[in-house]
Every structure is written in C-alpha cells, then in structure tokens.
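First comes the structure, then the notes that go with it.
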Number of protein chains: 2
Amino acid sequence: MNDIRPIRATSGTNHEGTSAHNRRVIIDALRLNGALSRADLARATRLTKQTVSNIMEELENDGLVISRETVRRGRGQPSTPYGLVPEGAFAIGLQIDRHITRAIAVDLVGNVLIRKEANLPAGGPATGTPVVLQLVESVRSELKQRTAQAEKRLVGLGVAMPGPFGIEQDTDDNPWMMGPWQRFPLLETLAAGTGLNVTLQNDAAACATAERMVGAAHGLDHAVCLYVGYGIGAGLILGGELYSGARGNAGEIGMALLTAGGRLTQLEHRASLASLYEHLGVDPMAPDIYSLIDKRSAADDPEIVAWIEKAAIDLRWAVHLIETVFDPQTVILCGGAPAALATRLIDAMQPLLPSNADRTDRPLPRLQLGMTDPWAVARGAAVEPIGHAFDPRFSAILKS
Amino acid sequence: MNDIRPIRATSGTNHEGTSAHNRRVIIDALRLNGALSRADLARATRLTKQTVSNIMEELENDGLVISRETVRRGRGQPSTPYGLVPEGAFAIGLQIDRHITRAIAVDLVGNVLIRKEANLPAGGPATGTPVVLQLVESVRSELKQRTAQAEKRLVGLGVAMPGPFGIEQDTDDNPWMMGPWQRFPLLETLAAGTGLNVTLQNDAAACATAERMVGAAHGLDHAVCLYVGYGIGAGLILGGELYSGARGNAGEIGMALLTAGGRLTQLEHRASLASLYEHLGVDPMAPDIYSLIDKRSAADDPEIVAWIEKAAIDLRWAVHLIETVFDPQTVILCGGAPAALATRLIDAMQPLLPSNADRTDRPLPRLQLGMTDPWAVARGAAVEPIGHAFDPRFSAILKS
DNA sequence: CAAATTAGTCAAGACAATTGACTTAAAAGA
DNA sequence: TCTTTTAAGTCAATTGTCTTGACTAATTTG
C-alpha cells in the first residue's frame, strides 16, 4: 500500500535564493573587474540601480566591500567605486601529500597570509591526523592574533590531497601511495577536530581552483589545468565551475592508458615527477628535492634535459587529449614542478600536436604556464571555501 | 578619458527568474517520476504546498499538466496526481548527415510523432539547404494537421550534425567530410527559413540529449554516451547538463590519438562504422547499408566478427579513457551502429579494462547499451529544444 | 463514531526586486 | 558665467512571488 519510492527532483528556490545569488554575482563582478561603481555593477549584472544599491549597503555593513575615492569620468555625477575588502573573509587550506603537509591562510581576495608546513610521519592517518590538526590549529591561531575578526570570518577549511578517491584497493604497492589516507574518513575527522566546514579535492582540482580565482584561468569559464606533480591530473573548470565527476575523480588523466614502447602504460608512469625522480635515481622523500630539481633544471643538467625530451612527448599527447575531449579556452600547466623545469617542459612541448584547438582566431594561447610552486596546491585548497561561499553557483540558489 | 573596457559579470536574477526556475523544477520532477500529487511535489522540490499549488494551476492553464484519477494511499485525503500533457509542447529535430537528412517531430514527453527523411545531394549547403528546409516544412505541416495547437506550441528546431565545428580546414580530403556544412552559417539560415529558434549540436551530443530525456541516462547527472557512428564521439552529461565546451567541440573523442601498430592514429580511424565499411569494402553511400550491416552482424558474419574483435580493443580503451577523465555514473554505447552490431560490440568489449570506475558498490553497470537506431540522432536533436525550454538550468534563472 | 492523518485551499504577510520621480554633481556649450 | 546635458545615486511606493498559519475535505484507524 505504502509505496515509499524516493522522489527525485531538483530543489526549488525562493526570495533568499534570488538575493543570495545577486550578492554572489556582485562579489564576483568585483573580484573579476576590480573596483566598480554601483552604476557599473547595475549595468554588468542587469540588476536595477536600486537593487544594486540595496545589496551594496548590505555588503558594506557586512564588511565585504568598501568605497574608494570617487572618480570623474566625463559628464555626470562622479562615481564611487567599491572594492572587495580583503579582510572580509578568511579560509584555511590544507595540503596532505606523501611525506609533507602544508597549511595556508588566505583572505577574501586570495592573498596568502600565513604558510606553514610539517613533515608527515609514515603510518598514514593514524599518526598523521594529529600532526595535520596541529598544523591547522597553528595557522588558525596565528591568523586570530593578526586579525581580531578573523575567527568569525573564517568560512571553511579546504583540503587537497592526491586522488583518486574511494578506490577499493591500491593498484600499486608503493608505500608512498596515499591509499590509507584516501580510505580514511578525513572530512569527518577534520570537521570534528576543527569545527569548520571542510571540503576535499584532489591536487589537480585544487590547482584549478587557484588558477581560476587568482591565476591564469581568472574569468575563464572553460579551462583545464594540467597538473604535473608526483602524479599527473587535470583540474577541470567547465562552464565556470570546477567539475569533479560523480565520485570526485574526474580529471585523473594520469591514469589514462597509452601505448609506449609497445605496451599499455599509464601516463603518469612516464611523465610525472615520480618518473623524473626515478630517472635521476633520487629519493622522492629528500627534503630539498624541489630546489635540487629547480637548480639542476636551470643549469640544463643533461639527465634532466633527457627526461624532459621524453616526458614532453607524452605531455604533448596529454594536451592534445585534453583539447580534444574538453574543448577548453586554454590549457594551463601547473602543479608541483619547479618553475625552471616547468618552463623547459613547455618549451620542449612545442610545437603542440594539431588539434581542434589549433586555430588562428584564438584569443588565448593553447598552452600556458600557471602557478608552479610547492604551495600552489595548498593555496588552491585555501581558496576553495572562499569561492564556495562567495561565487555564483547554481546550487547556491536552490533551497537547502 | 572614456575607458570603455567591457565589464564581465554573471547576470543577476529577480522574481521572474525564481518563478521560471520553480516551474521548470516541477516539470522536471513530473518527467522524472511520472505523475505526482501537489503534496509530493512540494516535498520533492522543497517548495511550500501553496507555491506548488499556484504553479500547478498556472501549468494546468497553460496546458502543460493535467490531473489524473485521485489515489488513496492510506490515511488522509486522497491525492490527485498530475502528469505532463504530451501535447503541451512540440519540437522538431533535424539530422544532417553525409548523404541523408532526417527530421522528427516530438512532443513534451519525447514521443516521436513524425519521422521523414530525404537524400542530400552532393554539393554541400548550396544544394542541400533547400532540401533540408523542405523536409522540415513537410514535418511541420503534417504536425500542424495532426494537432491544431501544435504550431503555437512549437518551441524550437534542434539540429544535429557531425562535428567538429569551426575548424579552419578539413584534415581530410574525404568528399563525405562535412567541412562545407560545418563552415556554413546553418543556424542563421535555418532560423531565417523557418522563423524558429534553432540550436546546433553534434551527433554524440544529440544522442546524449536523447538518452538523458528518454533513455538510459534519464535522471542521471553524470553520464557519457559513447557514440559509434560514421565517426566516434562522446556526448557529455556533466552535472545534469549537456556539456559542449568553449566552442561546441567537447567530447570529440574520435579524434583522440592512440598508438596502434607502432604509429599515432585517431580512434575513429580504427573503430568507427567508417572503418567497418572500409574493412568490408562496402560503399558507405549504399542506401540499405544499415540493414545490411544489421543482418550480417546478426548472422555473425566472420568479416564482421573480425572487425568487432579489433574495434573492441580500441573501444575498450575509449571507455577506460572516458571513465578516467569524466568519472561518470555510467557509460552508454549509442549511435548509428545497428542493434545487432552494438550488442556484439558490447559483448566483445568485456571484460572492460580496470579503472577507477571498477568498484563493487556501483549501482549502475560501467557500460550499457543505449539507443542504437538510425533515428537516434534526429530524436536527440528534436528533444533538445524541449529540454532547453522546460528543464531546470542555471542560465534559465539569470536575467536575459 | 471519534481521533488521527494527509491533501489541499484561503487570505494575510513578508521579502526582494522594480518603477519613476527626485537630488546631486560634473562637463559641455552658448 | 550661466544654462543645458548627462550620469550617479536615493527615496518612496508598487509589484511579483513565496511563506505562514488557520482552515476545510476526505480518508483510515481504533
């Protein structure tokens, strides 16, 4: 009699959804264009002057925007531009990597305020969680000291770590694979340990988040970040939002199979930093490995040059694949590779393979260099809660 | 003085946006769940009973929904389910293929009402456009005859043709490539010739649109349709919407490069129907080619079996790639391949390659069979304007 | 036959965007 | 210099849409 089939539906919306969206739209416009007057905002967002005025007053009271010097732009009353207040919101980002963890505090506009790191003991989450929690706490208390308002303006904790998530067993016996962390209920543990909203993304997604808010993908709706780190991944900005797939594993392009030397292998076995370390015979755990690689790259070390030549072939294929499959406005190379290595890699990848993206009327280059420093992932993690709280999103309109 | 830099911003919304969204949400819920009572709808959409009642009254007046027999479900007043009225809206779909064009009329729930086809003369758009326009006109007038209201309830004309769009020159000299059509201002011409709203998508996207509204992807938010036709493509349902990339070319997976026999080649050179025709030495233009292939497949013709074995290797790789890159809930094989061939292909592709999607807790199979008949693409084209007009979308909320 | 439960309506209220008239301030032109 | 034009921004009333709480209606349970 009682058929309790679940009814599936999209959520409806109401006045608050409308209002929330319009606030987000205005904040987004200020982030994208810098300071704008109320009249400018009204034109850009297609809202009425009056609506914009009301929202701006609210945002000003909330400490999210502030007026600047009036400017005269020809006839008519001078306009009063409003800009985002950096101290209007804060977020903390946490990167969990194989043997190290990094935490960053950022403000509303994405400035990095604090950065701290700690070594992760072997032993996975059991021994690692206390270290991680302490690191976050340390950043949080320093932030509190700096800015009185910071604590109540803290919108969340973003976490980034290598994917893929939720796989049932490691495909690899490498002790530095992240399996134990990936199977651990990290979100719940960190939420309980900090009392903050916690979100999780993989390294490549974190880089894409950072590039979109403060980097080369700023203002782009379709961009893919080719992340070259210990593994390889793609961070996907599709239709203006980060896309992470049904289970958070979209973009794990490093696991894509290619035929090389007559056998099927994974992209990241051939072109990642892991493969470079192996090629060089260095220990991936060495603490100064980043600067070591950077220096040797800058000096055009022959072993590194040889690896670059080889890796460039596979990365060129990866760019072709990304262009073919996603049709983005641009591809951004980013991630944990030292800058000197990354620039050389990009050079070695030229010319790119012919593809649909190869057209003369492009406003943007097919491949460009994004953030490449060891803090890029942590920064992306930090910036995610800011975007989540303040950027226009479909789901932000719907009723909870 | 006048710096006229363009200001970029997302559009704001207002009461009408809210209302439009809620209407769409309700229609979507009815499409997804079948007939529902007002109370059910209120629970499912999180709107209040009253709001739902108001909207339902409107929709009933607009002829989009109608009440069914009341049903008693335990205690309390019996509920009155409402269902979509098929005759509430109509759309026409047009497929333009290499040597044939097909047109279909569908109603609000995606029923196919009329189907007609015509041969396309060689010579591209110059000679083809009149044929196409006449075919559409013929379907339209038959629809008008059948249903008096059809004309004013016609929401648009959806067009599908092989991609990629906007490339500057053919990579291929094949006379059956669609270059001339792809460079022709088709949308504008058809809009002018019919007075309808016209939209364009590629074959794979059209199949995905159809699968989402009336097929295997019904109700799924993350699904990829692996289209195997004359070419190969992927139709992408990402986050509940069709994704087409920055220039409409997302999912052109047939152009992905793979190494086979020691050299880099495109997927669709190895596993498409074009490759089958070549393998069999048959003329792709033969009018009865579809049923020919269907019959020979059903009879397990050794030449076809040989091709299947070979193609399955590459398609298996394609599924792996799709799973790795998009992390969908399921992959759906669909498109112009005859049913007998498609089922054999799916069988030959088992077991699939290990991937992130290969987990025991899957609610859906990794690979399943979708629509495979010569009308699938046209049906997808037809269904697109319906979805565009009635499905919940972010952009439908924003001010025009 | 009364109580409980669920569907659905009515009418008033709340919320947020819109409208049109108004004020303010500057540049351009006579 | 003075008037006109133009643009930014505010005020107050209005409109559109969802929400609230009380109500009616119809059915099952005990």
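FYI, side chains are in, hydrogens and waters are out, and symmetry mates aren't considered; it's all heavy atoms of this structure. Since we're looking at a predicted model, the values are computed, not measured. Letters A, B, ... mirror the listed sequences (proteins, then strands); counts begin at 1.
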Item checked: Distance test, side-chain N/O of A:T51 to OP1/OP2 of C:dT18, below 4.0 Å -> yes
Checklist line | Rounded distance (Å) that lies between atom P of C:dA17 and atom CG of A:L41 | finding: 14 Å
Checklist line | Shortest side-chain distance from A:E16, nucleotide among C:dT18, D:dA8, C:dA16 | finding: C:dA16
Notebook entry, point to check: A:R72 side chain: which of C:dA27, C:dA7, D:dA8 is closest?
Noted result: C:dA27
Margin query: Would the base of C:dC10 count as contacting B:Q50 through its side chain, where contact means a donor and an acceptor less than 3.5 Å apart?
Written below: yes
Item checked: From B:R38 atom CZ to B:N54 atom CG, the distance as rounded to the nearest 0.5 Å -> 9.0 Å
Notebook entry, point to check: The side chain of A:N14 lies closest to which of these nucleotides: D:dG16, D:dT19, C:dT5?
Noted result: D:dT19
Notebook entry, point to check: B:N22 side chain N/O closer than 4.0 Å to the phosphate oxygens (OP1, OP2) of D:dT17?
Noted result: no
Checklist line | Which residue lies more 5' along DNA chain C, comparing B:P78 with A:T48 via nearest heavy atoms | finding: B:P78
Next item on the list: Tell me which nucleotide among D:dT17, D:dA26, D:dT5 gets nearest to the side chain of B:Q77.
Entry: D:dA26
Note to self: For a quick test of reading the model: is some side-chain N or O of A:S53 closer than 4.0 Å to OP1 or OP2 of D:dT10?
What the structure shows: yes
Next item on the list: Answer yes or no: does a side-chain N or O of B:R73 lie under 4.0 Å from OP1 or OP2 of C:dT5?
Entry: no
Notebook entry, point to check: If you look at every strand shown and take non-hydrogen atoms under 4.0 Å, does B:T80 touch a base, only sugar-phosphate, or nothing?
Noted result: sugar-phosphate
Next item on the list: Please report, rounded to the nearest Å, how far the P atom of D:dT20 is from the CG atom of B:L47.
Entry: 12 Å
Check: So B:Y243 and A:H222, would you call those rings parallel, tilted or perpendicular, with 30° and 60° as cut-offs?
Finding: tilted
Item checked: Listed nucleotide nearest any side-chain atom of B:K49, set C:dA26, C:dG8, D:dG16 -> C:dG8
Notebook entry, point to check: When we call it a touch if two heavy atoms are under 4.0 Å apart, what does A:R43 touch: a base, just sugar-phosphate, or nothing?
Noted result: sugar-phosphate
Note to self: For a quick test of reading the model: is some side-chain N or O of A:T18 closer than 4.0 Å to OP1 or OP2 of C:dA17?
What the structure shows: no
Check: Taking for each residue the nucleotide of DNA chain D bearing the nearest heavy atom, is the 5' side occupied by B:G76 or by B:I55?
Finding: B:I55
Note to self: Would you compute the distance between atom OG1 of B:T194 and atom CG of B:L157 and round it to the nearest 0.5 angstrom?
What the structure shows: 5.5 Å
Checklist line | A:T18 and B:T18: side chain donor to acceptor below 3.5 Å | finding: yes
Margin query: At less than 4.0 Å, is any side-chain N or O atom of B:T13 found next to OP1 or OP2 of C:dA17? Yes or no.
Written below: no
Notebook entry, point to check: Does a nitrogen or oxygen in the side chain of B:K399 sit under 4.0 Å from OP1 or OP2 of C:dT18?
Noted result: yes
Margin query: Whether the side chain of B:H15 and the base of C:dA17 hold a donor-acceptor pair under 3.5 Å is what I'd like checked.
Written below: no
Checklist line | Atom-pair distance (CD1 on A:I26; P on C:dA16), nearest Å | finding: 14 Å
Margin query: Please evaluate residues B:R23 and B:L59 with respect to the criterion side chain to side chain contact (heavy atoms under 4.5 Å, CB included), reporting the C-alpha separation (whole Å), side-chain torsions for both, the decisive distance (0.1 Å), and the verdict.
Written below: CA-CA 8 Å; B:R23 279 177 64 119; B:L59 292 177; 3.5 Å; yes
Note to self: D:dT17, OP1 or OP2 - any side-chain N/O from B:N54 closer than 4.0 Å?
What the structure shows: no
Next item on the list: Could you tell me whether the side chains of B:E384 and B:T199 share a donor-acceptor contact shorter than 3.5 Å?
Entry: yes
Margin query: Rounded to whole Å, how long is the line connecting atom CG of A:L59 with atom P of C:dA16?
Written below: 13 Å
Check: Given C:dG29, is OP1 or OP2 found less than 4.0 Å from the side-chain N or O atoms of A:R75?
Finding: no
